[in-house]
Structure formats: structure tokens, C-alpha cells
Amino acid sequence: MIKIEIQDLHYTYPGGVEALRGISLTIKPGEQVAMVGQNGSGKTTLVKHLNGLLQPTSGSVLIGGWDTKKAAVAKLAARVGYVFQNPDEQLFSSTVGMEVAFGPHNLGYGDEKVSALVKDALALTELSDKTATNPYDLSATWRKMVALASIISMDTEIVIFDEPTTGQDALSVARIANIIAELRKRGKTVITITHDIDFCAENFERVIALSQGQVLLDGTANEVLGQENILAQTYVDPPQLTRLGKRLRLKETVRNQEEFLAALKKK
Amino acid sequence: MRERLSFYVKRESFLHHLNPLTKLTLAFGLVFAAFLSPWYWTPSFFVLFAIIPLSFIGKVQREYFGAALRLILPAAGFLFLMQSFFQPIGVKVIFKFWFLDITQESLMFAFTNASRIFVMVSSFTLFLLTTHPSELMSDLTRRGLPSQFAYVIISTIQIIPQMQAKAQTIIAAQRSRGLDTQGSFFNRIGALVPLVGPLVFGSLVEVEERAIAIEARGFTSTSIKTSLREIPDTRFDKMFRWFLILLVIAVIAARIWLS
């Protein structure tokens, strides 16, 4: 069980842009966290600290007690899996199966374990029938699935998704939601950057809103999504149902259809 | 501010505001005059009375002297040494070192050549420091340079920084998948495939998208195109270009007449 501890994290890019200005967070093992906020608010910069791609300018990031300043990225990869936004920036193998096996092989797992992990990841992303296909023969939607599978196969305790639903159709978004639900069942920590506020409301318990390199709001999805005025500072609109609930003066903040109907009945 | 992959330094100066073609003519004019002149002192004269003053007029003296001292002078100095030692001409020995003789003639020859090279590199350095590549290309296109040719030059300048950024992202993505890019030589060679693959695939896709995007904006249209940015071409520019052409002709004439 791996806990993430971030203490007073500051980061300034070499060009002089101060991207993170004092972030302190603790993410417990098995938590499902969504990160929201306008472009440039520091979401990607923050998660790049979790696997050591970026090193803090000051402050510290501990991943299960490992200081990311001291641990190599290749070593941290065994604990933190990071799915980049654009699958085309990582796919290189001639078959889906080989692509998905690349990560666990790098972690030094034996052949038997690798093939078990690959099989599992392909099943979870519904790619089992496409194992021998060249990733570049797949549509963009399925290439995204290959990218997800290639990280899930590494079986890390922490999985980070950078905008997984961008450019995906409803079916694919539902598939990604299923994957996140399955990872939750397995006790994995999932951190997702997203601009898709409905996706965020429906799939995550904890929501962190960033603005100008600082934590603007941090709490349960209902607490955070209820603060319409504060969220406006980072250009995030709560889901339509939440806003409708507010207009109807429902007592609780609601974020999905079930909660909305339940609250409406109570009234 | 310095732009990546171009030497251009953005400043407000007389030289910056000259028409790009005038600056190009100036650079070529100085080079031709320095190389064709029959007198050994012409290149040095150009350095003292044209290139150095121009670097101050263009407000790029700091950048120019930086390049001149670190790069151009050592290269020209090396050329001078090699030619003065190894040029087997002349009889009047000034200096002997082991089996190598330095004669007055070889010294003169080496000095002329080194200073010519100095003028050539310097004048193009000044040109590049004060001329934005896209300004040059749009001016030359307006004067009839095929736009395909200009596109090749400009897109190369633009694509390389983009590819660098893309390569950085790919490296980050693969390191996140446990790829070890450090360590032994074989480790590094093995790490190349996952890095080069996405870069090449991605770039090919990008080239196609770029082609479609510019075609959608009428790139190959044969009608006369207007430019968003008018690049001034003043009467002074035109007169100055004629002066430079006459200078080169005069130098050629002097050379023929003296020989």
C-alpha cells in the first residue's frame, strides 16, 4: 500500500515560469482522485512530479516513503504508471501484444508473469481480439486503449491518466470508466487529470481543483463541485445536474442522476 | 529575445529596418568585393570600416563580437597558420621551423585568404543577426522566388524545435514505462527504438496534416497573393543596392586593369 505525500511543492520551469506555488497534499492508498482546473493551472506539472519526470524546485514528493529526488524514473515506474495524453507519443511496437509487454519487461518481470499481466490488461481494455494487430492500424480510440493497457500491464499501485477522455466517443468513455472502476476494486490509487466534468463527477470520490499553481479546492466530489463561484476562478463549470440542483434549491449538492432524483423526491 | 534555430536578435535599429534583400546584397557585395579585390588590404579595410561599424549600427555588437572572438577569429587564425606554413611559394624566408619555411609571399597569401574568410563569415553573421528568416522569405517570394522553395526553408526552421519538444515528450513517456535511458552503451542503443519509432511515425503524420492544412488555405493557388506584413523597400534601399553592385563591378574592373 503506497501513500503519496507532497509537501510544500514549488516548481519553476527553466524558462522562469512558476508552475507550482506551494502544494501540499496527501493521497491515501486506493483513493480515486480527479484533478481539474484551467489550462496552465499546473495539473500536468504536478503529476509529472509523482514519477520523478520533474524534480521539485523546493519541497518534497514521497511515494510510499521514496523521495522522488533520489529514486530514478525507471525505478519509480514500478510504483507509478503514467498514461500520457497522446498515445502516438509512445506506441512503437509492431503488435499490440508486444507494446503492452514493453512496460512489465522493463520492470524485469519474468516471462510467465509478463504474459499473465499482458493478458489481464488486454482483457480489461477489451483488446484481447487485437493482440496481433499493429497499433497504427487501429483507430485513434483504440490506440488510446493500447496506451492504457500498456500502463495497466505494469501493475503499479498508482495509475495516472492525463485527460483520458479527450477525443473519445461515448462508448470509449464508458470503457475508460469501467477500467477505473476495476482498478478501484483492485485497491489501486487512480489520479486523473480531466476537463470532462461529467466524467469527473460520475467516477471520482475526491476532486482537487488547481488554480495558478495552488490548490483551490480539495474534498469529496460533492463538496468541490458544489462551490460554483470558487470553481469559476479556474474556469470549471460544475455538471449541469449540479447546477440545476442548485437552481432548484435542493438541500444537498448532487452530481449524478441517482442523487438528483433522490434529492428531488425528498423535497 | 533570441529565437530558437535562428540567429535573429530582435532589436530596433537602422539595419533591422533595411529591406532583407538590401542586407542580402550587402552581405554578398562585401564577400565578392573582398574575394575579387586585387589588393591584400581590402578585406581588413572592410572589417574595420564596414563590418565593425555595421555591428554597432545594427545594435548587435555584443552578439557579433561574441561570435567573432569565439568562432570566426580562431577559424581564420587556424587557416592563416596552415597556409603560411604549407604554401610552397616565395623565396624570401622570414622564419624557419624544422622543415617548414615561412616566406614573405606565403605570409601575404595566408593573410589575404584568412581575412577574406573573416569577411565572408562576418558579413553573413551580421545578416543573420539582423534579418528574420520569414521576413527574408516573404520578401523574396514577393520578388518571384517560388513559394514552394520558401516553404521548404521556413518549415525546416520551424519543424526542428517542434520535433525537439516532441522527442522530449516521447522520452518522458517511455521513461514512465520503465525504459532505462541511462547506463551502458548497449542500454542506450537499445533505448533508441522506442524513442525513434513514435518520432518518425508522428512526424510523417504531421507532414501530411501540414500539407492538407496549407492546401486548405490556398497554398498552390495561382492567383496573386497579398501579404499580411508589408516589408518596406525604400528609395534608399534601392540606391544602396545599386551602389553595392557598382562597388563589385569597380573591384572586378580594378582587378582586370591591374593584371
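Reminder, nothing fancy here: chain letters follow the sequence lines and each chain counts from 1. This one's a predicted model, so the numbers in the text were calculated from it and none came from an experiment.
In the displayed structure, A/Lys69 atom NZ is contacted under 6.0 Å by more than 12 heavy atoms of other residues, nucleotides or ligands. Heavy atoms from other residues, nucleotides or ligands lying under 6.0 Å from OH of A/Tyr13 number more than 12. More than 12 heavy-atom neighbours from other residues, nucleotides or ligands sit within 6.0 angstrom of CZ on B/Phe219. The environment of CD in B/Glu208 is sparse: at most 12 heavy-atom neighbours from other residues, nucleotides or ligands sit within 6.0 Å. In this structure, B/Phe32 places its CZ atom where only 12 or fewer heavy-atom neighbours from other residues, nucleotides or ligands lie under 6.0 Å away. In the displayed structure, B/Arg62 atom CZ is contacted under 6.0 Å by at most 12 heavy atoms of other residues, nucleotides or ligands. Atom CD of A/Gln212 has 12 or fewer heavy atoms from other residues, nucleotides or ligands within 6.0 Å.
Not a single donor-acceptor pair under 3.5 Å links the side chain of B/Arg177 to the backbone N or O of A/Ala74.
The candidate with the highest count of non-hydrogen atom pairs below 4.5 Å against chain A, out of B/Gly202, B/Pro198, B/Ala167, is B/Pro198. Note on A/Tyr136, A/Tyr82, A/Phe84: by heavy-atom pairs under 4.5 Å with chain B, the leading option is A/Phe84.
Interatomic distance, CG of A/Asp88 versus OG1 of B/Thr169, reported as 12.5 Å (0.5 Å rounding). The structure places OG of B/Ser176 at 8.0 Å from CD1 of A/Ile160, a figure rounded to the nearest 0.5 Å.
With a 4.5 Å cut-off on non-hydrogen atoms, A/Gln85 does not touch chain B at all. Residue contact with chain B, scored on non-hydrogen atoms closer than 4.5 Å, involves the backbone of A/Val80 exclusively. With a threshold of 4.5 angstrom between heavy atoms, A/Leu91 approaches chain B through N, CA, C or O but not through any side-chain atom.
Closest of all the heavy-atom pairs between A/Asn106 and B/Gly178 is CB-O, 3.3 Å. Scanning both residues, A/Phe92 and B/Gly197, for their nearest heavy atoms gives CB-CA, 4.4 Å.
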* Under the side chain to side chain contact (heavy atoms under 4.5 Å, CB included) criterion, do A/Leu53 and B/Arg175 qualify, and how do the steps go? -> CA-CA 8 Å; A/Leu53 285 175; B/Arg175 284 173 77 204; 4.2 Å; yes
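At a threshold of 4.5 Å between non-hydrogen side-chain atoms, the residues B/Gln174 and A/Glu89 do not count as touching.
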